[in-house]
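Letters A, B, ... mirror the listed sequences (proteins, then strands); counts begin at 1.
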2 protein chains.
Amino acid sequence: MKKKITLKHIARELEVSVSTVSKALRNSDEIGRDTKEKVQAFARLYNYKPNNIAISLKNKQTKNIGVIIPNIVHHFFTTVFRGIEKYASDKGYNVIVCVSDESFDKEVINMEMLANGSVDGFIMALSGSTQRQNDFNHLREVIEQGIPIVLFDRVTDQINCDKVIINDREIAHKAVSKMIAQGRRHIALVTNENYFNVSEERAQGYKDALVAEGLELDENLILTLAYDEIDEDLILDFFKREQIDAALCVNEIFAVCCMGIAQKLGFKVPEDIAFVGFTDGILSRHSRPSLTTVAQHGEQMGEMAAKMLIEKVEREINEDDDEQESYQTKVIEATIVERNSTVN
Amino acid sequence: MKKKITLKHIARELEVSVSTVSKALRNSDEIGRDTKEKVQAFARLYNYKPNNIAISLKNKQTKNIGVIIPNIVHHFFTTVFRGIEKYASDKGYNVIVCVSDESFDKEVINMEMLANGSVDGFIMALSGSTQRQNDFNHLREVIEQGIPIVLFDRVTDQINCDKVIINDREIAHKAVSKMIAQGRRHIALVTNENYFNVSEERAQGYKDALVAEGLELDENLILTLAYDEIDEDLILDFFKREQIDAALCVNEIFAVCCMGIAQKLGFKVPEDIAFVGFTDGILSRHSRPSLTTVAQHGEQMGEMAAKMLIEKVEREINEDDDEQESYQTKVIEATIVERNSTVN
DNA sequence: AGAAGTTACGAAACCGTTTTCGTGTTGATA
DNA sequence: TATCAACACGAAAACGGTTTCGTAACTTCT
């Protein structure tokens with residue numbers, strides 16, 4: 001096992017100083033031709049690579065970005081992550097992922113771990129319990145320390161920072177309008193607890209559409225499910241009890257489950273009931289019938305978030321100091337992917 | 001924006017030396033009661049947290065582990081990652097993820113980036129093109145440098161290191177045997193190019209089962225699909241052409257696609273044809289009928305990999321030096337989750 | 001030949017810690 | 001009272017780089 005070679009080793013071996021070696025390797029013109037060549041050849045021969053940690057310490061820059069997400073086993077977050085990783089990797093940044101598991105405490109711990117020099121900035125989607133208890137001091141502290149944050153999807157008004165979201169409300173409106181245009185009148189909403197900003201937005205869009213089309217809002221047509229565990233009986237009852245000819249579901253899994261249960265009850269999809277979900281994942285593509293769904297363009301979202309973060313990070317380095325902070329919120333335009341759960 | 005506070009700041013403020021501050025904070029008994037309390041109080045007040053980078057440099061230990069996987073938008077890898085992250089996080093390690101995108105070049109670049117001090121060890125699944133071209137020098141170099149690697153799932157005999165795999169061959173054998181026991185005789189295998197060690201193993205298990213049950217191997221019953229793009233026509237032809245009453249598919253997506261196409265052709269599942277897939281993801285759970293599949297227990301695999309890596313990393317620190325390297329291969333027992341694609 | 005400017009390199013500081021070692025002060029002991 | 005621990009702290013080195021500054025040796029100019 002040959003240990004990593006350092007500048008000091010090279011310097012000793014070649015009987016020059018460490019500074020000379022450093023400069024020679026960076027092709028400084030302070031160093032003579034011969035010495036440069038000698039050093040570079042030696043370095044190449046022994047496959048010298050500078051130690052990232054030492055450079056980080058010196059430059060006060062890690063070239064790492066921290067990503068904190070509630071759950072990695074989730075198609076949407078995964079695609080966002082891919083976008084982040086792709087962009088970051090391109091720009092020479094590494095990505096450290098922490099999973100908050102929808103837990104406020106873990107989110108706080110993870111942030112604290114990474115905030116002590118491990119990363120140059122954060123990209124995150126808030127955990128469910130953080131949104132529920134509305135406590136964002138951990139974010140504030142990090143920002144206070146001069147570490148930039150980009151929030152995506154699960155965001156909050158209470159923190160002033162860059163954000164990337166989709167036009168949830170608008171696209172939900174559009175999806176419902178489309179079903180109404182098909183002549184459907186009894187439109188259900190299948191959602192989860194409203195402390196999630198996105199669910200709330202989607203519900204708003206749903207209501208907007210009803211109002212815009214002159215339909216009445218019937219609270220009985222709104223089914224609220226738990227976030228992490230689907231109670232099939234609840235769904236069964238719902239579709240038995242109410243007269244429904246269309247349903248907007250706030251995610252892919254809800255949609256597929258509801259669709260399956262409705263089919264079991266003998267309803268034909270899309271003839272009797274149409275379904276629209278959110279998240280264009282494998283489930284939507286491979287369900288039967290295939291699911292019409294809102295594509296959130298997670299990868300694009302991730303790239304955008306990474307771009308915003310890295311720009312902020314690199315701006316801070318050449319801080320002219322007097323430029324005041326300015327934060328933006330980018331909206332990624334969601335699109336509706338029409339499949340067979342709404343039209344044949 | 002208050003900048004991070006350092007030992008030096010505290011020292012200056014309290015008019016003691018940096019070493020005193022450091023020791024006081026670590027509760028060294030070299031330091032007097034009063035001084036300790038003074039320092040600790042001050043540190044608490046200003047929320048002092050030591051700089052991880054500096055500690056890493058000093059300790060030659062980053063407390064980071066590098067994970068390199070071919071694809072993050074993939075249920076199996078995602079669950080393995082969750083296991084890794086969970087275990088690592090518990091032990092105070094961070095996880096840096098790089099996606100090789102099934103590309104040899106990216107795999108090499110990512111490893112090189114991380115090997116220069118950014119991580120204490122690697123956990124990885126080989127990219128498709130790495131397996132295809134059989135070039136593992138990047139792994140050898142890293143191991144040479146004393147950085148441990150744990151390979152999982154996509155492994156190779158050509159590298160001597162810790163590995164975590166599942167009993168692919170055995171479980172495939174078992175799955176096929178089960179279908180044969182149901183009286184099925186025309187068993188298809190839907191697989192992909194055989195440079196993936198896992199596909200190869202599963203194919204072997206398939207063949208083993210046929211032999212064990214005295215059935216003949218019919219090459220026509222083996223359908224080979226591309227890794228990343230499913231050609232539906234190919235599948236359609238296959239099920240039209242061959243007389244098939246059961247199919248073992250090397251992944252979830254293949255299984256669901258095939259099942260859908262077979263159903264379109266008028267076959268009843270499981271009456272006419274039974275299907276078994278690999279990977280117990282959402283697709284398997286929510287397909288219609290629900291899919292019998294091989295659960296790979298990715299999370300457990302990830303935990304095991306992380307455990308092995310961290311143990312090796314921490315052993316190296318107190319290297320008695322004379323203990324010879326020993327590598328193990330852990331086999332996670334896969335299980336068959338029976339659902340409605342094989343029995344009603 | 002002396003002044004001035006180049007060239008090519010080394011010493012040392014610095015990033016933020018930890019840790020070893022040295023030392024001045026105290027109190028106890030012989 | 002001289003000796004010796006024990007105590008409490010500071011100086012300095014180390015981790016592996018980068019960068020500023022100083023300077024010896026050599027050129028060039030007048």
Exercise. Taking the side chain of Val18(B) as heavy atoms from C-beta outward, which of dA11(C), dT17(C), dG17(D) is closest to it?
Worked result: dT17(C)

Exercise. Of Asn51(A) and Glu30(B), whose nearest nucleotide on DNA chain D comes first from the 5' end?
Worked result: Glu30(B)

Exercise. Got a second to check how far Ile332(A)'s CD1 is from Ile165(A)'s CD1, nearest 0.5 Å?
Worked result: 9.5 Å

Problem set entry | Value in whole Å for how far the C1' atom of dC9(D) lies from CZ of Arg33(B) | 18 Å

Problem set entry | Rounded distance (Å) that lies between atom C1' of dC15(C) and atom CG of Asn116(A) | 16 Å

Exercise. Ignoring hydrogens and angles, are the base of dT20(C) and the side chain of Lys23(B) linked by a donor-acceptor pair under 3.5 Å?
Worked result: yes

For this session: Give a yes/no answer on whether the side chain of Tyr48(A) brings an N or O atom under 4.0 Å of OP1 or OP2 in dG16(D).
Result: no

Exercise. Any N or O donor-acceptor pair linking the side chain of Lys8(B) to the base of dT17(C) at under 3.5 Å?
Worked result: no

Seminar exercise, completed: Between the CD1 atom in Ile5(A) and the CZ atom in Phe42(A), the distance rounded to the nearest 0.5 Å is 5.0 Å

Exercise. To the nearest Å, how far apart are Gln61(B) CD and dG16(C) P?
Worked result: 21 Å

Seminar exercise, completed: What one should report as the nearest heavy-atom pair of Asn116(A) and Pro50(B) is CB-O, 3.6 Å

Exercise. Is there a salt bridge (Lys or Arg N to Asp or Glu O under 4.0 Å) between Glu144(B) and Arg140(B) once you walk through the steps?
Worked result: CA-CA 6 Å; Glu144(B) 248 322 285; Arg140(B) 286 200 193 90; over 6 Å; no

Exercise. Among Lys312(A), Lys307(A), Arg315(A), which residue meets the salt bridge (Lys or Arg N to Asp or Glu O under 4.0 Å) test with Asp162(A)?
Worked result: Lys312(A)

Exercise. Asn27(A) CG to dT19(D) C1': how many Å, rounded?
Worked result: 16 Å

For this session: Specify the separation, in whole Å, of atom CD1 of Ile10(A) and atom P of dG16(D).
Result: 13 Å

For this session: Just call it for Thr6(B): base, sugar-phosphate, or nothing, with non-hydrogen atoms closer than 4.0 Å on any strand.
Result: sugar-phosphate

For this session: Check every strand shown and say whether Thr35(B) touches a base, only sugar-phosphate, or nothing at a heavy-atom separation below 4.0 Å.
Result: sugar-phosphate

Exercise. Lys58(A) near the nucleic acid: base, sugar-phosphate alone, or nothing, with a heavy-atom cut-off under 4.0 Å?
Worked result: base

Exercise. Is there a donor on the side chain of Ser19(B) or the base of dA11(D) sitting less than 3.5 Å from an acceptor on the other?
Worked result: yes

Exercise. Rounded to whole angstroms, how far apart are NE2 on His9(B) and P on dT17(C)?
Worked result: 9 Å

Exercise. Whole-Å distance between dT19(D) P and Asn59(A) CG?
Worked result: 7 Å

Exercise. Rounding to a whole Å, what distance do you find between Lys36(B):NZ and dC7(D):P?
Worked result: 12 Å

Problem set entry | Contact under 4.0 Å: Lys60(B) side-chain N or O vs dA14(D) OP1/OP2 | no

